[in-house]
Amino acid sequence: MRTRTLLTLTAAVAALGLAAPASAAETPVLTTTDGAAVAVGDVLNASLASGTAATFYSSATGTSGISCTSSAFAATVTDNPAAPGTATESLTSHTFDTSGCTANVVGVLGVSGITVDNLPYTTSVSSDGTVSVTPGAGSAIQSTVRLRTLLGTINCVYQAPSLTGKASNADNSISFTNQQFTKTSGSSLCFANAFFTAKYAPVTKGGVAVNVN
């Protein structure tokens, strides 16, 4: 009787084990296109999408301002939870190669430099594709633009409280459209507002494109 009871119990446990589904591995918000999870500490890189330019125009609908054909960023992943969710990154580098920048502002001869200040910024990427860039506490997203003029080089400093963009798996891109910066210092040749538009693609980790899930 004891043997029969043990056999019956063993069979029941085995049956339950077979019936219980194996828990599937959770897919994180950020994965590479080959299916690998992006790990905390991984660095993501992107340059401007081929054939596009990053622009700082004086209005959301105008074409007067600065256009640059070379720009890139690097961000270190700080959290990548299961999807749906929000992954976070530390934006440690955002550069513009001013050899590819032009200006069509009256009185401005060219662009000497564009510096992104107050780094690092916190970047969040949500499963719905929403991208948010925020500065550290008590700081602001800031860019200093150096322009060559007939009177010499001038510095134009612009700030924004945050930036909002959109990620797309169609081309593994992050896009920003008409993100408004306000001039905080600079001469009258510095336009009062700078509307930033750029598309970075593909966003990669180790040369492999990254998807948002």
Side-chain angles (χ1 to χ4, degrees), residues 13-54 68-97 114-143 160-179 196-213:
V13 171
L16 287 173
L18 290 173
S23 58
E26 295 180 317
T27 300
V29 175
L30 301 177
T31 58
T32 54
T33 51
D34 59 9
V38 175
V40 170
D42 283 345
V43 177
L44 307 183
N45 296 276
S47 299
L48 289 176
S50 179
T52 70
C68 298
T69 57
S70 180
S71 176
F73 73 77
T76 301
V77 176
T78 55
D79 191 24
N80 188 21
T86 300
T88 56
E89 306 156 11
S90 177
L91 180 66
T92 56
S93 174
H94 191 181
T95 59
F96 296 84
D97 182 354
I114 299 176
T115 304
V116 178
D117 308 314
N118 301 336
L119 292 170
Y121 300 144
T122 296
T123 302
S124 64
V125 183
S126 299
S127 292
D128 65 359
T130 300
V131 176
S132 298
V133 182
T134 56
S139 185
I141 294 176
Q142 178 175 297
S143 289
S162 63
L163 301 178
T164 300
K166 191 70 176 178
S168 171
N169 288 343
D171 51 5
N172 308 105
S173 65
I174 292 179
S175 300
F176 298 93
T177 304
N178 288 331
Q179 297 299 290
F196 174 61
T197 296
K199 180 178 182 178
Y200 294 88
V203 178
T204 64
K205 189 213 82 171
V208 182
V210 174
N211 279 335
V212 179
N213 303 295

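Residue numbers count from 1 along this sequence.
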Worksheet, complete the sentence: Heavy-atom closest pair (Asn169 atom, Val210 atom, distance to 0.1 Å) is OD1-O, 4.5 Å
Item to complete: Give the minimum heavy-atom separation between Ala74 and Leu91, together with the two atoms involved.
Response: O-CD1, 3.4 Å
Discussion item. Give me the atom names and distance for the closest heavy-atom approach of Ser173 to Asp171.
Written reply: OG-OD1, 2.6 Å
Worksheet item: Under a 4.5 Å cut-off applied to non-hydrogen side-chain atoms, are Thr95 and Val116 in contact?
Response: no
Worksheet item: What ring pair (Phe, Tyr, Trp, His ring centres under 6.0 Å) pairs are there with at least one residue in residues 68-91, not counting sequence neighbours?
Response: Phe73-Tyr200
Worksheet item: Considering residues at least two apart in sequence or located in another chain, which fulfil the side-chain contact (heavy atoms from CB on, under 4.5 Å) criterion with Pro81?
Response: Val29, Asp79, Ala87
Worksheet item: How long is the span from the CD atom in Gln179 to the OG atom in Ser162, to the nearest 0.5 Å?
Response: 7.5 Å
Item to complete: Quick one: pull up CG in Asp42 and OG1 in Thr76 and give me the separation to the nearest 0.5 Å.
Response: 9.0 Å
Worksheet item: Do Asn118 and Pro135 have side-chain heavy atoms sitting under 4.5 Å apart?
Response: no
Worksheet item: Atom OG1 of Thr31 and atom NZ of Lys205: how far apart are they, to the nearest 0.5 Å?
Response: 10.5 Å
Item to complete: Could you tell me the separation between the CG atom of Asp117 and the CD1 atom of Ile141, rounded to the nearest 0.5 Å?
Response: 11.5 Å
Fill in: Exercise: identify the closest heavy-atom pair between Ala54 and Phe196
CB-CE1, 4.1 Å
Item to complete: Rounded to the nearest 0.5 Å, what's the gap from CG on Leu44 to OG1 on Thr123? Could you check?
Response: 9.5 Å
Discussion item. To the nearest 0.5 Å, what is the distance between CG on Asn45 and OG1 on Thr204?
Written reply: 5.5 Å
Practice prompt. Verify whether one side chain among Thr86 and Ser126 offers a donor that lies under 3.5 Å from an acceptor in the other.
Written response: yes
Worksheet entry | Results of salt bridge (charged side-chain N to carboxylate O under 4.0 Å, His left out) for Asp97 - residues two or more places apart only | none
Worksheet item: Looking only at heavy atoms, what is the nearest atom pair of Pro84 and Ser127, with distance?
Response: CA-OG, 3.2 Å
Item to complete: Check Val203, Val212, Thr130, Thr88 against Val125 for a side-chain contact (heavy atoms from CB on, under 4.5 Å) and give me the one that passes.
Response: Val212
Item to complete: For Asn211 and Thr33, work out which heavy atoms get closest and say how close.
Response: ND2-CG2, 3.7 Å
Worksheet item: Is there side-chain contact between Lys199 and Leu48, with at least one heavy-atom pair below 4.5 Å?
Response: no
